[in-house]
Amino acid sequence: MSDATNPATEAFLAHRNLLFTVAYEMLGSAADAEDVLQETWLRWVEVDLEQVRDQRAYLVRITTRQALNRLRTMRRRREAYVGPWLPEPILTTPDVAENVELAESLSIALMLVLETLSPTERAVFVLREVFDVSYDEIAAAVDKSPAAVRQIAHRARAHVEARRPREVVSASQTRAALESFQRALENGDMQGLLDVLAPDVVLLSDGGGIKQAARRPVIGAEKVVRFIVGGTGRTEATLATSPTVVNANPALVLRLDGQVDGVMAVRVEGGRIIGLYYVRNPEKLSRVESETPLTLR
């Protein structure tokens with residue numbers, strides 16, 4: 001029987017976008033999520049499908065276990081990471097941005113909050129709060145009892161609620177602030193940048209030790225403006241910015257002489273930018289020019 005008609009292949013492909021979304025939400029890395037899907041596939045083809053009552057649930061269980069293993073390895077790897085670590089931005093399809101819950105869970109700001117959870121807490125939170133997986137199914141995925149999973153979910157939810165953005169901001173509000181930021185940046189308008197940035201704005205930049213970036217958070221509007229203008233002004237290459245949607249939220253792509261140099265995502269409160277997330281690590285920029293399909297189902 002060819003792969004095209006193989007029931008295992010058909011089931012895996014039918015749920016592939018969901019499995020990638022689960023892995024990416026847990027890991028914050030598209031490259032690692034792809035590796036997890038490969039590991040999931042290798043285990044899936046060994047399964048006796050006649051013994052599987054719910055293929056979707058079983059595949060999610062395998063993916064979760066592999067993502068947990070990968071997450072623990074990544075935690076050790078990130079301890080040696082140069083400067084702040086930011087999630088890998090991905091260009092998302094329009095339908096993802098229309099799903100409010102998924103868009104929030106994919107935002108760089110919330111994914112950074114998820115980074116503060118333990119691996120098991122993150123898995124439980126993502127499966128329960130984002131994908132609405134039952135406690136019994138989560139228990140099977142993380143090798144805990146349903147009662148323990150409920151406690152973990154409660155603890156993780158409280159942790160995230162205490163740290164998630166305080167204000168619910170629409171995509172149009174974020175886009176408006178980003179447009180003002182973009183105009184000021186392109187025009188070299190220092191005052192325009194100061195006007196759109198909150199006084200206590202925080203900028204995190206991720207160069208991965210490959211591209212120039214701040215080793216620590218840059219705090220305060222004036223310091224952030226100096227960093228941004230200095231960073232984009234130290235080269236004779238032509239800077240161009242273009243609006244885009246990464247992780248289901250408005251963002252900017254920065255290009256130098258036509259080549260992608262970085263992605264800027266933002267967090268907005270009160271009409272002003274309070275968080276700037278600047279990804280310059282070239283190893284994290286492979287998915288900002290072609291859309292990655294994500295789904296909750």
Side-chain angles (χ1 to χ4, degrees), residues 28-29 78 81-90 104 106-116 163-167 169 171 173-235 237 239-247 249-256 260-285 288:
S29 164
R78 286 175 196 170
Y81 198 81
V82 178
W85 181 95
L86 291 174
E88 180 180 352
I90 54 179
E104 184 195 13
L106 287 167
S107 71
I108 301 295
L110 189 60
M111 293 195 83
L112 282 175
V113 174
L114 298 185
E115 284 293 312
T116 63
R163 293 162 178 77
R164 77 194 315 159
R166 297 184 296 273
E167 183 181 331
V169 178
Q173 290 173 303
T174 299
R175 198 173 296 112
L178 202 55
E179 286 172 354
S180 297
F181 177 86
Q182 180 184 9
R183 283 196 302 272
L185 180 62
E186 290 184 338
N187 295 329
D189 180 0
M190 301 279 284
Q191 188 57 50
L193 288 170
L194 289 170
D195 289 343
V196 74
L197 297 176
D200 55 348
V201 62
V202 177
L203 178 144
L204 298 176
S205 58
D206 180 345
I210 302 172
K211 286 283 192 74
Q212 185 169 9
R215 296 290 184 92
R216 296 180 178 83
V218 181
I219 303 172
E222 292 187 359
K223 289 182 179 179
V224 168
V225 168
R226 285 199 298 271
F227 175 82
I228 292 172
V229 173
T232 57
R234 280 194 291 268
T235 175
L239 172 69
T241 62
S242 57
T244 187
V245 177
V246 297
N247 290 56
N249 290 270
L252 286 179
V253 173
L254 281 69
R255 290 181 172 83
L256 292 177
V260 174
D261 182 70
V263 170
M264 274 193 181
V266 299
R267 178 160 73 91
V268 174
E269 286 186 9
R272 304 177 86 178
I273 295 172
I274 194 166
L276 266 170
Y277 312 103
Y278 187 16
V279 181
R280 293 195 74 205
N281 183 347
E283 294 178 352
K284 294 184 177 183
L285 298 175
V288 297

Without swapping roles, check the side chain of [X] against the backbone of [Y] for a donor-acceptor pair under 3.5 Å.
{"X": "Arg215", "Y": "Val82", "answer": "no"}
{"X": "Lys284", "Y": "Leu86", "answer": "yes"}
{"X": "Thr116", "Y": "Leu112", "answer": "no"}
{"X": "Asn247", "Y": "Leu106", "answer": "yes"}
{"X": "Arg272", "Y": "Leu194", "answer": "yes"}
{"X": "Asp206", "Y": "Tyr278", "answer": "no"}

Minimum heavy-atom separation for [X] and [Y], please, with both atom names.
{"X": "Ala171", "Y": "Pro250", "value": "O-CG, 3.7 Å"}
{"X": "Val196", "Y": "Ala177", "value": "CG2-O, 3.4 Å"}
{"X": "Ala109", "Y": "Pro165", "value": "CB-CG, 4.2 Å"}
{"X": "Pro217", "Y": "Val202", "value": "CB-CG1, 4.0 Å"}
{"X": "Ala184", "Y": "Gly192", "value": "CB-C, 3.7 Å"}
{"X": "Val268", "Y": "Val266", "value": "CG2-CG2, 4.1 Å"}

Kindly compute the distance separating [atom1] ([X]) from [atom2] ([Y]), expressed to the nearest 0.5 Å.
{"X": "Arg216", "Y": "Leu203", "atom1": "CZ", "atom2": "CG", "result": "15.0 Å"}
{"X": "Arg226", "Y": "Met190", "atom1": "CZ", "atom2": "CE", "result": "8.0 Å"}
{"X": "Ile108", "Y": "Glu88", "atom1": "CD1", "atom2": "CD", "result": "10.0 Å"}
{"X": "Leu276", "Y": "Leu178", "atom1": "CG", "atom2": "CG", "result": "8.5 Å"}
{"X": "Leu114", "Y": "Arg164", "atom1": "CG", "atom2": "CZ", "result": "8.5 Å"}

With a 4.5 Å cut-off on side-chain heavy atoms, are [Y] and [X] touching?
{"X": "Ser205", "Y": "Gln212", "result": "no"}
{"X": "Val224", "Y": "Ile273", "result": "no"}
{"X": "Asn281", "Y": "Tyr81", "result": "yes"}
{"X": "Val279", "Y": "Val246", "result": "no"}
{"X": "Thr174", "Y": "Asn249", "result": "no"}
{"X": "Ile274", "Y": "Asp200", "result": "yes"}
{"X": "Thr241", "Y": "Leu185", "result": "yes"}
{"X": "Asp189", "Y": "Arg183", "result": "no"}

Flag yes if more than 12 heavy atoms outside [X] fall under 6.0 Å of its [atom1] atom; otherwise flag no.
{"X": "Glu222", "atom1": "CD", "answer": "no"}
{"X": "Glu283", "atom1": "CD", "answer": "no"}
{"X": "Lys223", "atom1": "NZ", "answer": "no"}

List the steps and the verdict of side-chain contact (heavy atoms from CB on, under 4.5 Å) for Leu239 and Asp261. CA-CA 9 Å; Leu239 172 69; Asp261 182 70; over 6 Å; no

With no hydrogens and no angle check, just 3.5 Å: does a side-chain donor-acceptor pair link Ser242 and Arg255?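 Their side chains do contain a donor-acceptor pair, which is all the 3.5 Å distance test asks for.
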
